[in-house]
Each structure stands twice: as C-alpha cells, then as structure tokens.
Peer 1: 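Let me begin by handing over the structure; questions about it come next.
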Amino acid sequence: MTKDLLKNKEFDLVSVIYNASQAAETCSQYIKDAEGDQEVERFFNEVIDSNSNLVQKGKDLLKNRI
C-alpha cells in the first residue's frame, strides 16, 4: 500500500517543477559569481533557459492532469 502512495505522477511532476525552478534560481546567483567570464555566464544562462523550459512543460503536463 505505501508503495502505491509513493507512485503519484502528479506529485512527481510538482517535484520536478520545483527542482528545475530551484536550479534556475541558483544559476542566477552563479551568474553573478561568474561576472566577467562570458563563457561561464553563457553556460549558466543555458542552464536557466533549459530549466525554465522544463518548468513550463511540467506545468502544462500538470495542468492537464488536475
């Protein structure tokens, strides 16, 4: 029974949305730390963009399921 409670796709989507959002927020701070190193700044911006896209996709999936 407990095993079934842990298999909740909606909860999993919320978890991924949260973690991707946190990663994007964290990289915003890392960009400040990388100031002056354009290559590293670009990388962190790519991470932000990728995670922002994942957040939006996750929200869309969740919206269609609740």
Peer 1: Could you tell me the separation between the CZ atom of Phe43 and the CD1 atom of Ile31, rounded to the nearest 0.5 Å?
Peer 2: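 Phe43 CZ to Ile31 CD1: 10.5 Å, rounded to 0.5 Å.
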Peer 1: Would you please say whether a donor-acceptor pair under 3.5 Å links the side chains of Asp60 and Gln56?
Peer 2: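 Indeed, the side chains of Asp60 and Gln56 share at least one donor-acceptor pair under 3.5 Å.
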Peer 1: For the side chain to side chain contact (heavy atoms under 4.5 Å, CB included) test, which of Thr26, Asn51, Leu54, Val55 pairs with Ser21?
Peer 2: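 Result: among Thr26, Asn51, Leu54, Val55, Val55 is the only option passing the side chain to side chain contact (heavy atoms under 4.5 Å, CB included) with Ser21.
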Peer 1: Could you pull out the closest heavy-atom pair between Val47 and Cys27, with the gap in Å?
Peer 2: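 Closest heavy-atom pair between Val47 and Cys27: CG1-SG, 3.4 Å.
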Peer 1: What heavy-atom pair brings Gly58 and Ile17 nearest, and what distance separates the two atoms?
Peer 2: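 The pair with the smallest heavy-atom distance is C-CD1, 3.4 Å.
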Peer 1: Could you check Tyr18 against Ser15 for side-chain contact (heavy atoms from CB on, under 4.5 Å), going step by step and ending with a plain yes or no?
Peer 2: CA-CA 5 Å; Tyr18 172 79; Ser15 180; 5.8 Å; no
Peer 1: Contact between Arg65 and Leu13 at the side-chain level, heavy atoms closer than 4.5 Å - yes or no?
Peer 2: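 Yes, at least one pair of side-chain atoms sits under 4.5 Å.
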Peer 1: Is it the case that over 12 heavy atoms from other parts of the model lie below 6.0 angstrom from the CD atom of Gln22?
Peer 2: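 Yes.
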Peer 1: Which pair of heavy atoms, one from Ile66 and one from Glu10, lies closest together, and at what distance?
Peer 2: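 Shortest heavy-atom contact: CG2-CG, 4.0 Å.
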Peer 1: Would you say that more than 12 heavy atoms from the other residues, nucleotides or ligands in this model lie under 6.0 Å from the CD of Gln29, or not?
Peer 2: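 Atom CD in Gln29 is packed in, count exceeds 12.
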Peer 1: With Glu39, which residues qualify under side chain to side chain donor-acceptor pair (under 3.5 Å), at least two apart?
Peer 2: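 Glu39 satisfies side chain to side chain donor-acceptor pair (under 3.5 Å) with no residue once adjacent residues are dropped.
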Peer 1: Could you state the interatomic distance from CG (Asp33) to OG (Ser28), rounded to the nearest 0.5 Å?
Peer 2: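 Reported value, rounded in 0.5 Å steps: 11.0 Å.
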Peer 1: At what distance, to the nearest 0.5 angstrom, does NZ of Lys9 lie from CG of Leu62?
Peer 2: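 Nearest 0.5 Å value for the NZ-CG distance: 11.0 Å.
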